[in-house]
Amino acid sequence: MIEYKSVLTTCPYCGTGCTLHLQVLDGTLVGTLPAKEHPISQGGLCIKGWNVHAFVNHKDRLRTPMIRKNGKLEEATWEEALGLVAEKLGEFKAKSGPDSIALLTSAKCTNEENYLLQKFGRAVIGTNNVDHCARL
Amino acid sequence: MTNSIPEFEENTNCFFVIGSNTSEGHPLIATRMLKAQKRGAKIIVVDPRKNQIGHWADIFYTFRPGTDVALFNGLMNVIISEGLEDKAFIAERTEDFEALKTLVAEYTPEKVAEISGVPADGIREIARTYAKAKPAAILYAMGITQHTTGVDNVKSTSNLAMLCGNMGIPGGGVNPLRGQNNVQGACDMGGLPNVYPGYQAVTIPDVQKKFQDAWGSAGPLTVGLTVTEMLHAAQEGKVRALYVMGENPMVSDPDLNHVRHCLEETEFLVVQDIFMTETAEMAHVVLPGVTFAEKDGTFSNTERRVQRVRKAIEPIGDSKPDWVIICELAKKMGATGFDFASPSDIMTEINALTPSYGGITYARLEELGSLQWPCPTVEHAGTPYLHKGKFARGLGKFFPLEFKEPAELPDEEYPFTLTTGRLMFHFHTGSMTRRSEKLDSEVPTAYVEINVRDAEKLGLNGDKRVRVTSRRGEIELDARVTDDIKRGVIFIPFHFAEAAANKLTNSAIDPVAKIPEYKVCAVKVEIVK
Amino acid sequence: MSDRLTSLREAIQQVFPQVDGVLGIRRGPGGIISPYLFHSEHPEELEALAIWPKEPLPDVLRKIQKAHPEAKLAIVCRGCEERGVVEMMKHSQLNWDNLTLIGLQCTKEEAEFCRCAKPYTVHAKIVVGEPIEGVPDPVTEKVAAMSREEKQEFWKEQFLHCIKCYGCRTICPQCFCNICTLEDEKFVETGRLPMPNPSMYHLIRAMHMTAKCVACRECEETCPADIPMAVHFRLIARDVQEMFSYETGAILEQKPPQLLVLEEGEYERTGLPH
Amino acid sequence: MYEPKIIGFLCNWCSYRGADTAGMARMKYPPNVKIIRVPCSGRISPELVLRTFREGADGVMVLGCHIGDCHYSTGNHRTAKRMPVLKRLLEYSGIDSDRLAINWVSAAEGEKFATVIKEFTEQISAMPPFAETMKMEETK
């Protein structure tokens, strides 16, 4: 079956909040279309919005976790990488207290992800050292 | 933003744009202003550079970077001395007007002209146009906030808006245009050192208890560190581990040489991102997250409008949605309360703990498309504009503010003022747009804008390569000679790591908001032989 | 309106057995519409079928057919979209033999929104709705009646509003070249806003739309700055008809004039010297 | 009176040789036209003409072989089809289309070449400089 759909989503660039359609053909992105009758973007987009699909499949995308070994970042499994992060954060928390750890959430991630990371920082680590680039 | 974007087209009669390159930073908000202009609304733009929006404006003036408070005081001086203020609004809804009146009386248009470079008659013209065209909206962006007087600047905008009764009405208000798609949401969700989700202060014991009850454990009663403070603390060894999700301080933060040094001092740096950013290259562990196209969720735009992000394709390679990574990490550390099956589940928890998001559910977003907070219950229709009838604190407070000079002024050795900003074709640290062929071909690398006459004085004939140096660092890049920038000011877009404007910028911060002064620092320019 | 929607659903169901998919429009979250390929396996999806506003379907069709050249596809098309499909076929962008057209005739309101002279299909065998007469185009007439100085002023202001989003080019069903002159910095300067010579972008595009514009007005609709660029295309379309007797998208067998040599009698109508 | 800048695109096979013929016969014509030799008038696309105006030309001429004499048999048919449309487009945009001239000059027509150049130069000289009428560069 040939599958073509247009997925309505929100532009990941500036704060205007234009929505757009990602055109998906057989599971791959083939383009962007604006959303007509949307209260903000009104069927239009800027040049960044029109090209929003372009970086998603870029060859530079990170595909596997990486751990620094002997000064170099080397590919690792999720198990190893998350295991190491959990171990280290636990260690610092125990040895130097929760405030020896700081977290940056992201103006590029979703509300849910921001919520989770600050919850992680406050509930699991126990610090208010949580910020993001709002000022930058 | 206190108000909404659709109101600009329908209601606003005057736009006062200051510190915002709207046509490049927020193109579709700028074109909304054009639509309003066609029905007679006036556009006023004041900026050190004549951007495209400046070319569209009915009234345009350049001014000296960092003199915003003086300019606002001058405008209010004219409005009060000509009796154009909204007396009923001031009497009913505000306090401390007399103090403001006394202070701004000192700021005559002539005096302000000397400080800001806007001619006295220009100040009168702007003041009259703004005051007579109700509803009038003030629009600003980082040009107002990224100063050591950032908080004063913001308070000045609301002083002016209240003075003319432009608060709590459709099409008016004070409208900071947020630069990133979800910077509003990141703040709303408590991605700040002083508040839990929904701006509930960490210092209030009842709030702490609320989150302890919900999560089993919560943060301390003391305010945490901001980005800038974290980096200093890392250098001092007080912060030993740093977890960075989707940020790139190695390009975005001020005084990059210092940032590099701080990150090198960090014992354990975890970076969760979609590309090998300049920051990720320094990490001990790199976790591959996914782009907006590969996950579900919500973003909150600059007008507090919460909208859905929908998964269109499967994650690339072994990458995972950021929310999945955090849940897995938390569980690895033995935490409970991270068993979410979907972002919709997470939103249910947010609904319960964040009063302003109480009624923003996935089911409602599916039906309505978007909802603007505050939206406390599932019956609530959302809030297009704030402060209707009453301010959150009761009466609106006027803040009499004296003008203060920026932290670093040009001098003989560093005679130019550097201001930084954005381009239409790129975004923030460029990690996405510079990997987009079309966008990259428009502007493949950094440049510095310099006034024609300044260029002549330097002996720059045409566009050539120059070295720009500040007290903190130096970069080499191409010059772009133009009429559209004030003399004595140069502009460098901050998207480009190879000629990072932030190697030059000053990390002096606003004492309250802790925002660095990106918009003013002193530099010199030399031709590269 | 709802009648047409029901009839269109029936027409699609009727076509389903003969094709691998039917390209149409569906109404999604928040009432926002988008192109979608409907399948006979999921007739329930037709519940979300929509007809207005329209979407640039011929371009979507081209993308699908490129990936699936053998697939039998149907497309719901209005007059303009049918013309779009015909022109794309003439420029070897679509395989006509594998296509079924389901014509959708526009209402008067829709035609007025598009200032459309031909709001009806002529080739589609299956048709929904009754064809209506074309409507006048007051915007084009207004510009045509201006003096030279007024025209210059008018376009100067319009073009200054251009934010260089390339939306008009990207959404156009007739802009399918792999290499685009508008992205060539020899002609359109890169990286500057407002564009130093905005008329270069717009006049080059107008020339490239000669005998190609199918009057769907998608470009004007997507323009954030509301530049009425179709005015140029429509005025030129009249000239092309007058000089080369070519009506874009109308006759399947007629080759586009810019690809061909001068025909008998054409030279005399160009107004060039002898 | 100002000296207009005129660019003449001349096809290699007919018009450029026509210019040679005129030169060899020492015919007099004004020096305003800067000649650019091209393989065929059909090479001159509308965007090249527009760019020539952008770069500061007050007038542009495209001279090719007579219809029927094209070295590539139908190259100049393109010219005959595109340039009239471009002239109309210039008018719709508020630009005097007389600033663009299309003509046919064979290798033997030295005299015609001199006349065409002379008449076009006079015609352009009678108009104000292009930059003054069409402020294409205004936003720079």
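Every chain is numbered from 1, with letters handed out A, B, ... down the list of sequences.
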Scan residues 132-146 of chain C for pairs that pass salt bridge (charged side-chain N to carboxylate O under 4.0 Å, His left out), counting only residues two or more places apart or in two chains. C:R115-C:D137, C:D137-C:R234, C:E141-C:R238
Contact origin within C:F244 toward chain D - heavy atom pairs under 4.5 Å: side chain
Anything in residues 27-49 of chain D with a heavy-atom distance to chain C below 4.5 Å? Please list those residues in order. D:P46, D:E47, D:L48
Are side-chain heavy atoms of D:Y92 and C:V231 found at a separation under 4.5 Å? no
So which heavy atom on D:A80 is nearest to which on C:L272, and how close? CA-CD1, 3.6 Å
Chain D contact via C:M243 - side chain, backbone, both or neither, heavy atoms under 4.5 Å: side chain
Rounded to the nearest 0.5 Å, the CG atom of D:L50 sits from the OG1 atom of C:T181 at a distance of 11.0 Å
Exceeds 12 heavy-atom contacts within 6.0 angstrom, atom NZ of D:K118: no
Inspect the surroundings of NZ in D:K5 and state if more than 12 heavy atoms from other residues, nucleotides or ligands are less than 6.0 Å away. no
If you measure from CD on C:Q152 to CG on D:D96, what distance do you get to the nearest 0.5 Å? 10.0 Å
Side chain D:R51, main chain C:M200, donor-acceptor under 3.5 Å: no
Look at atom CD of C:E150 and say whether more than 12 heavy atoms of other residues, nucleotides or ligands are closer to it than 6.0 Å. yes
Taking all non-hydrogen atoms of both residues, which atom of D:L89 and which atom of C:H232 are closest, and how far apart? CD1-CD2, 3.6 Å
side-chain contact (heavy atoms from CB on, under 4.5 Å) with C:E242: which residues, sequence neighbours excluded? C:D239, D:R88
Give, for atom CG of D:L90 and atom CZ of C:R148, the distance between the pair rounded to the nearest 0.5 Å. 10.0 Å
Considering only heavy atoms, give the residues of residues 208-222 of chain C separated from chain D by less than 4.5 Å, sorted numerically, with 'none' for an empty result. C:H208, C:T210
Closest non-hydrogen atom pair, D:R54 against C:E189: NH1-CG, 4.3 Å
